[in-house]
Amino acid sequence: MRASCGRPDSSGTDWLVTESGFDPTTADVFETLFTVGNGRIGTRGVLEEGRLGDRSGVFINGVFDHHDAQVRDLVNAPDWLDLAVFVDGTRMDVQSCAVVEHERTLDFRGGVLHRRTVFEDDRGRRTTLRTVRFASLVDPDLCGVRVEITTDSSALVTVESGIDGRRTNLELLPVYPADTVFDPATAWQKWSQSRHLDPVARGEDGDALYLEVRTLETDITIGYAASVCATIPPVRRTVRRGSDRIAEQLDIQAAAGEAVVLDKLVVIGTSRRGRTAVRADALARLAGHRRSGFDAGLAASREVWDNRWADCDVQIVGDADATRAVRFGIYHLLIAADETDPTVNIGAKSLSGEGYRGHVFWDTEVMMLPFFLFTRPRTARNLLEYRHHTLDGARQLARETGTAGARYPWESADTGREECPVQTPDGLNRFWTRDQEIHVSADVAYGILTYLEATGDESVLLDFGAEILFETSRFWADRAEWDEVAGRFALRTVMGPDEFHSHVDNNAFTNHLARWHLQRAAEVYDELAARHPAALAEIVTKIGLLPREPLCWRQVADGIAEPRVVGGVVEQFDGYFERRDVPITEWDGNDMPKYPDGLHHFNCEDTMLLKQPDVVMLMHMLPGEFDRAVKLANFEFYEKRTLHKSSLSPAIHAIMGIEVGDARRAVQYFTRSAFVDLHDNQGNTRDGMHIASAGGTWQIVVHGFGGFRVIDGQMHVDPWLPEGWQQIRFRLYWQGSPIAVAIGHAAATFDLIGDRVEPVTILVRGEPVVLTAGGTTVVQLDKEWAGARNG
């Protein structure tokens, strides 16, 4: 049976995202949306043959380099796609030919990108190009593309397939007027370029090609082994070698209507984590995959996708478009996280673009970790282990800023050092986030402790978590300043999550998280002393922890300044209530707030306007520490002053609105979060996915509409569904056991899957419900929605 590109499974369009027709003005957005990956390698969805103005990108998780860049970059690695098709000498691409038909479809159920394009050349001949592209979930170093070429007349079909190491990263965009619009074909040429790769070797091994490069500063070897197999034997094969590119040219004589099918398999290896013999290993594994074949590799990867979706799928019955958007976000979360490597994390643009240079933010612990925590707990642990991998960098940052312990940076790469640029590219504004958003250290602690709560996996503390908690507690204890006049500890010159206000004192979010962090770290110390004294002794010896330090943490925690509260509203920071109260009077086409006249990101300091939730975010993260009346008062006060200039913002407002009984805008906020990239509603999807928003969208469905929250170690469910939704379905892992959940307007159904001996108790609208393994529990939602009591 001949190989075929086939078509995506269209039985459920809520598993597909489709591009119909070629539009150069939106092509770079689809390049981001159509990223294929597996957590180790991400390949932007560029056309195989390229186009003028594309920004192809292949990103290998953990491969960073500095060299001539402003700060460390996630390296734009050699291009494994590198494919050109010629028909009787005419290149098949969107510049050389007319595009008669064009459709690409990302099937995120199987992680496959399908394409069909019909080109017409200047002689009126038509050529159909079909492709199938995937990144393997079985061997995360394997990528593959199948190309099917069919012409309507007999012709010499020439295919040039290579590995292209001529890669750069974007550096600084010159300053242009705000209303400048670039031609899509030249937009990227306006950027400066940073070079990170030095060619090392290229050559052949039988029918396989090999290219090796090395990063200039970090000295990481990257080796690509590639092969092409054609269904019709070529009449000629030629290999072309350059200093940083190697390619093979296949000339194939094809009859009219005869499909020429080529399978390209590529194995990408690196010297990261002490790997040696990169070339030999890549070529050997490529040989194994060639023997198995493209179809076997794709089928094996699809099988793993089936297993992952069994854990992670979310369905919104009654709204297929919403289901598709949520699944699309989950797909990108799954291809952003390496399930096997605890030395890497998820950058703010995942592996789909160069935005934020691949750096890791607090987004991981606050926005994305909950998804992995309750669906793929092993992956969640890996993400936390990255923070241990970079702990020495956090210690160094603390020393450089004159404090004890460990201080995690605002932007992190591979070393744990601060990678946030000092100023904007135009030099006009300072990024104070790098100096003042110190809450990230508490956010890391939050991730560790919420993981422990949800999984019961104490080994996370023994292996690395306690060390992180103790070292970061040292930072807080030293960073807090005693205020003789007020008789309290102050955290001065900080910036909260809001980010419109720098150089503030006693930010409520930062102070409260620091207090919570110190208290919990002291409790962990006591628990380990009682239950695991030998392990604690080992940690104490390793970091030189003194017996008096946990007592000091408690004392500092007890003395940290409390915010002023007026009418139930928690003041965001000292003096916030005295700032200028500027009303929001205009909204954009997405019904989201516009900046008031004359204001922008860097000049809202003297106003009460917020970029994103701050106090409201605190109440979202620690729901058990505030009663509903306080949450409602703060939600109502701060929501009307929030401009949502971060993609993180809508998700938190949707969840908290539902939680306090103010669901009037929950669906709007859900839509803004879920479709931020599918609709490019922030205008910058070309730079990469808003991956934190994908995590936030999952949280809206599960924590918001589903009402699932964990408070004091106890699961709670208090759902609310929009009128047009019939039911939401998802699965959760709790203490090692999966629970299938289906929530409708009238009833909630829970299935505790597996053979767990102990029952699980969950509070449904305040009433305890006991789940037993192997049984289905149906709970009638005959009580008034708990949130509505305060609406």
* Asked: Should we count CG of Asp627 as having more than 12 external heavy atoms under 6.0 Å?
  -> yes

* Asked: Between the side chain of Thr697 and the main-chain N/O of Ser693, is any donor-acceptor distance below 3.5 Å?
  -> yes

* To do: Indicate yes or no for a side-chain donor-acceptor contact from His332 to the backbone of Leu33 under 3.5 Å, with no hydrogens or angles considered.
  => yes

* Between the side chain of His501 and the main-chain N/O of Thr607, is any donor-acceptor distance below 3.5 Å? -> yes

* Asked: Side chains of Trp720 and Pro722: closer than 4.5 Å at any heavy-atom pair?
  -> yes

* To do: Give a yes or no answer on whether the side chain of Gln682 reaches the backbone of Asn684 with a donor-acceptor pair at less than 3.5 Å.
  => no

* Is atom CD of Glu578 surrounded by more than 12 heavy atoms (other residues, nucleotides or ligands) closer than 6.0 Å? -> yes

* **Side-chain donor or acceptor of Gln612 paired with backbone N/O of Thr642 under 3.5 Å** => no

* Should the ring pair Phe670 and Phe705 be called parallel, tilted or perpendicular, given that the plane angle runs from 0 to 90° and is split at 30 and 60? -> perpendicular

* Gln699 side chain to Ala651 main-chain N or O, any donor-acceptor pair under 3.5 Å? -> no

* Glu171 side, atom CD; Arg357 side, atom CZ - distance, nearest 0.5 Å -> 4.5 Å

* Asked: Taking Asn506 for the side chain and Phe573 for the main chain, is one N or O donor matched with an acceptor at less than 3.5 Å?
  -> no

* Structure fact -> Value for CG (Leu449) from CG (Leu469), rounded to nearest 0.5 Å, stands at 5.0 Å

* Can you find a side-chain donor-acceptor pair between Ser502 and Glu605 that sits under 3.5 Å? -> yes

* Tell me, yes or no, whether the heavy-atom count around Phe626 atom CZ, taken from other residues, nucleotides or ligands under 6.0 Å, exceeds 12. => yes

* **Distance-only side-chain donor-acceptor flag, Arg44 / Thr32, under 3.5 Å** => yes

* Asked: Do Glu499 and Lys645 come close enough that some side-chain heavy atom pair is under 4.5 Å?
  -> no

* Asked: Quick check: does any side chain N or O of Tyr408 sit under 3.5 Å from a backbone N or O of Arg387, one acting as donor and the other as acceptor?
  -> yes

* **Any donor-acceptor N or O pair under 3.5 Å, side chains Ser412, Tyr386** => yes

* **salt bridge (Lys or Arg N to Asp or Glu O under 4.0 Å) against Glu411, all qualifying residues, sequence neighbours excluded** => none

* Which is it for Phe708 and His716 under the ring pair (Phe, Tyr, Trp, His ring centres under 6.0 Å) test, yes or no, and what are the steps along the way? -> CA-CA 6 Å; Phe708 171 75; His716 293 249; 9.4 Å; no

* **Side-chain donor/acceptor of Asp677 to backbone N/O of His690, under 3.5 Å** => yes

* Structure fact -> The salt bridge (Lys or Arg N to Asp or Glu O under 4.0 Å) partners of Lys631 (sequence neighbours excluded) come to Glu659

* Asked: Going by heavy atoms in the side chains, are Trp476 and Ile560 under 4.5 Å from each other?
  -> no

* Asked: Atom NE2 in His517, atom CG in Asp443: separation rounded to 0.5 Å?
  -> 10.0 Å

* Backbone of Met592 reached by a side-chain donor or acceptor of Asp588 within 3.5 Å -> yes

